[in-house]
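So you know, we letter chains A, B, ... as the sequences are listed, proteins then strands, and number each from 1. Since we're looking at a predicted model, the values are computed, not measured.
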Amino acid sequence: MRLHSLTAAALVTTMLVAGCDDSNKTIGEPVLPNKNPFPSTYQVPASSALLIQGANLLTGTNQQLDNTDLVVENGLITAIGKDLQIPEGATVIDASGKWLTPGLIDVHSHMGVYPAPETSNHSDGNEMTSPVTAEVWAEHSVWPGDPQFEKALAGGVTTVQILPGSGNLIGGRGVTLKNVPSITVQGMKFPDAPYSLKMACGENPKRVYGSRNQLPSTRMGNMAGYRNAWIEATAYKKSWDDYVTGVEAGEDLDPPTRNLRLETLMGVLDGEIRIHNHCYKVDEMAQMVDMSKEFGYKIAAFHHAVEAYKAAPILAEENICGVMWADWWGFKQEAFDMVRENIALVDYANACAIIHSDDPIQVQRLNQETAKAMSAGRRMGLDISRAKAIGWATLNPAISLGLDKQIGSLEIGKNADLVLWTADPLSVYSHAEKVWIDGALRFDREDSSVQPTRDFNLGIVNAQESRP
Amino acid sequence: MNKFNQLLLLVALSSHAAAESILIKNADIYTGKTVLPSTDLLIVDGRIAAIGNSSQKTDRVIDGSGKSISPGLFNADTHLGSVEVSAIAPTVDFYTDNPNVTASLKVADAFNPNSTLLPYNRTHGLTHALSVPEANTGLFAGQVSLIELGNQPRVIHDSVAVAMDFTEHGVSLAGNSRAAAMAVLRQNLADTIDFAANKRAAMAGERRDYSLSLADLEALEPVVSGAKPLIVSTHRASDISAMLALANDYGLTLIFRGATEGWMVADAIAAAKVPVIMDPIYNLPVSYESLGARLDNAKLLADAGVTLVFTGMGSSTHNAHLVRQSAGNAVANGLDKLAAIAAMTVTPAQLFNANVSGEIKLGAVADLVMWGGDPLEMTSEAELVIIDGDVVPMASRSLQLRDRYFKATP
């Protein structure tokens, strides 16, 4: 098993030196755990070149380009401008009067792990058997047949981060998926996307475990729980660092015994796994920031950050994204201090502002949620353009996922994840008409042959038809 | 009470009689039934004094160009007034653990006019709502109230209907089988009929044992007589049909709540003249009772002639004003725009006999919202809200929080 992680050259070395393919011992070359044992099998489908003519572009980079063309070749955006030439063999879309945006990105989704129907047989999003379950990976719970995915696609969502729930202090690894139909989760996995780790502040973990009379039952218990885990992870990381250093120095050493839980935490300390931290309240965000410095890791984003407007200077200073709803509030105390201007105010403070859904209904209309957040900011006098606002659902989420080199904006060289809207995307009347992922048409409102439907839907309402 | 306080009380009670006069010029007026493009609206003493060109001198003139006016929003499925923070049980009064209090649970008894949800929602254009109890020990949930979110929030009617739950949740409270739940329901209704016919003996404990408490039977008496509507939560097409048949057998006056698969039996609902309280936003098969969920359910029901009444965005109570967003989505999926506006204004106001007409019409008490643009667009803010004749201050806890933390950069 360990051999999967080795390069071919290392494999040869190992076999020559050790003379045995299952030996624990190596000289000069440490045997490291495979960091990608469930690799993506997603392939960019072959598709002809594409020219989208005359749309109004919201680029995701705070720019609006009216009546502009965009060219896609080999799955990438290759040209943006006026009156572009038709590439050879290109499909040409007349988009005059329509709007083009990057594919929307939802960094907080439980599709697949809490699928529809919401029945216990496949509600697999929260491993609430221990407060620290860094060893679980959301992808192992994802049901690719969840019919929620295609509804999000019809709403223009091309990339989703699927996270474990928030019942635990450290809930497990998240996974970033391309919103394409597949019979395996590997077929949806965004190739080479960084892994994330879900952590949760506040009421949920202390309620779940407090009700069982075990740690944590308080917020101080929460903090103790995280810190104990990071202390263990620090020691574990040292054991591996010592092993690697020793082997590279020529010592004959056994690798440390693998521990899945600590392996993920070590990935965070190594800067390879990104922290996405459910955290509503400003005081807790500040404590999480201090803790990240205590143990030497970076927080990518605070999710459900209802009090992000209070924390905006901290978010800007620490370069942490605030991931927010437009207006959800009041379902628990830590969500009581909602202001509709939250996203606008985080943005105003020059921090990274992101809109998210956490919900299979809201994910279908992130454009409307963005409209609400923009409108609230404008109401208080902030100058927020559509071009600015759409970044909350495109480029900023890509930044939080570590994927802003590939997705999140209409720029030359980026993946052609595109949404063509029938009208201003911030209008309630607007629909995603066509959705491309890597230049391949994945949804077309005008063509039922390009409207994916999961197996679950077949004949379930009516023997002759698919569920609408 | 001294003289001064009496005077204050009088002023408060009749506040809109002395209210400022307002002329809104050139706004698109959605009356609840039609639309009058770029029209003037005159409000005097809290009433609509003119629609159309007006040259009357007023305290205030508002340029309504590019803006719109609609009747005040009415959300027919909320818990307003009986919840503050959902996860904090002592603030939640819309259901009970007490099995002897089902139909007799009157949420109006718990109404909290000081709830922060009320100013928040009224600043966003919500003027009226139903406050609906939820079933927790049996099929019957309790009595539905009609509330107004004005400057002095109040209960207008403490019992406009009795709510009953025949969803999978309700069925789980009645033996975990639809068939068992039907048996329980028939027994409950038969007991109510017996109770009503033998009330004195029943109260004296001289009748047989009943399946519900005496208080619950008393609350159901006007339901079995057909005088008071029974709001039935249900989703599956076959359950809707079963309820229609039951209502026919017992002479009940039904209103459906939910009806996710209503489109599959739309003609039957229309023929029975049963209105439907629904959220047009649902399109996911969240349970096996809602496999047929689809975004054009509202359109298909309306096409069949069903009377629609809206709630919004997952029947959200804290954001009850978002009934407008769900209505917008219904329009985006085929429903006529005026029908969508009616379903959250004039239709519920008339169906539940509100204190306002739910319409913008000459002589009516002003209960309306001026929006920054199209009334269904999320980019249109409520700029002026008048509830039952009174202008509502744009003040809420949320706005205070915003202003405390906002630091404009110089």
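Of the two parts of A:Met374, only the side chain, counted from C-beta on, holds a non-hydrogen atom closer than 4.5 Å to a non-hydrogen atom of chain B. Heavy atoms closer than 4.5 Å to chain A are found in the side chain of B:Arg397, but not in its backbone. For a residue to count as touching a neighbouring chain, one of its non-hydrogen atoms must lie under 4.5 Å from one of that chain's; by this rule B:Thr379 touches chain A with backbone and side chain alike. Heavy atoms closer than 4.5 Å to chain A are found nowhere in B:Asp296, neither backbone nor side chain. Of the atoms belonging to B:Ala293, heavy atoms from both backbone and side chain fall under 4.5 Å from chain A. At a 4.5 Å heavy-atom cutoff, the contact between B:Tyr120 and chain A is made by side-chain atoms alone. Contacts between B:Leu322 and chain A at a heavy-atom distance below 4.5 Å involve the side chain alone, from C-beta outward. Contacts of B:Glu84 with chain A are made by both backbone and side-chain atoms, with heavy-atom separations under 4.5 Å. Within the 4.5 angstrom heavy-atom criterion, only side-chain atoms of A:Leu345, from C-beta onward, approach chain B. Heavy-atom distances place the side chain of B:Ile88, and not its backbone, under 4.5 Å from chain A. For a residue to count as touching a neighbouring chain, one of its non-hydrogen atoms must lie under 4.5 Å from one of that chain's; by this rule B:Gln325 touches chain A with backbone and side chain alike. Interface remark: A:Gln148 contributes backbone and side-chain atoms alike to the contact with chain B (heavy atom separation under 4.5 Å).
When only modelled atom types and interatomic distance are considered, A:Trp328 and B:Asn319 share no side-chain donor-acceptor pair under 3.5 Å.
With a 4.5 Å cut-off on side-chain heavy atoms, B:Leu117 and A:Trp329 count as touching. Counting only heavy atoms from C-beta outward, the side chains of A:Phe456 and B:Leu291 approach each other to under 4.5 Å.
Scanning all heavy atoms of the two residues, the minimum distance from A:Ser375 to B:Ser380 falls at OG-N, 4.3 Å. Pairing each heavy atom of A:Val428 with each of B:Glu377, the nearest pair is N-OE1, 2.7 Å. In this structure, A:Ala116 and B:Pro285 approach most closely via the heavy-atom pair CB-O, 3.5 Å. In this structure, B:Ser398 and A:Arg340 approach most closely via the heavy-atom pair OG-N, 4.2 Å. B:Ala332 and A:His431 make their closest contact through O-NE2, 2.7 Å (heavy atoms, listed as atom of the first residue, atom of the second, distance).
Taking chain B as the reference chain and counting heavy-atom pairs below 4.5 Å, the highest number among A:Gln333, A:Glu118, A:Lys332 is found for A:Glu118. Taking B:Asp374, B:Asp403, B:Val331 one by one and counting their heavy-atom pairs under 4.5 Å with chain A, the maximum is reached by B:Asp374.
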Determine, step by step, whether B:Met378 and A:Arg365 satisfy the side-chain contact (heavy atoms from CB on, under 4.5 Å) criterion, reporting the C-alpha distance in whole Å, the side-chain angles of both residues, the deciding distance to 0.1 Å, and the verdict. CA-CA 12 Å; B:Met378 292 300 99; A:Arg365 42 194 63 82; over 6 Å; no

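One finds the CG atom of B:Leu295 at 7.0 Å from the NZ atom of A:Lys151 (value rounded to the nearest 0.5 Å). With rounding to the nearest 0.5 angstrom, the CG atom of B:Asn329 is 9.0 Å from the CD atom of A:Gln364. Distance check, rounded to the nearest 0.5 Å: CD1 of A:Ile460 to OH of B:Tyr288 gives 5.0 Å. Rounded to the nearest 0.5 Å, atoms CD (B:Glu168) and OG1 (A:Thr119) are 9.5 Å apart. Here the straight-line distance linking atom CG of B:Leu399 with atom CD of A:Glu341 works out to 6.0 Å at 0.5 Å rounding. Distance check: B:His318 NE2 to A:Phe336 CZ gives 6.5 Å after rounding to the nearest 0.5 Å.
The aromatic rings of B:Phe406 and A:Tyr348 are tilted relative to each other, their planes meeting at an angle between 30° and 60°.
Within 6.0 Å of the CZ atom in A:Phe443, the count of heavy atoms belonging to other residues, nucleotides or ligands exceeds 12. The 12-atom threshold is not exceeded at CG of A:Asp383, counting heavy atoms of other residues, nucleotides or ligands nearer than 6.0 Å.
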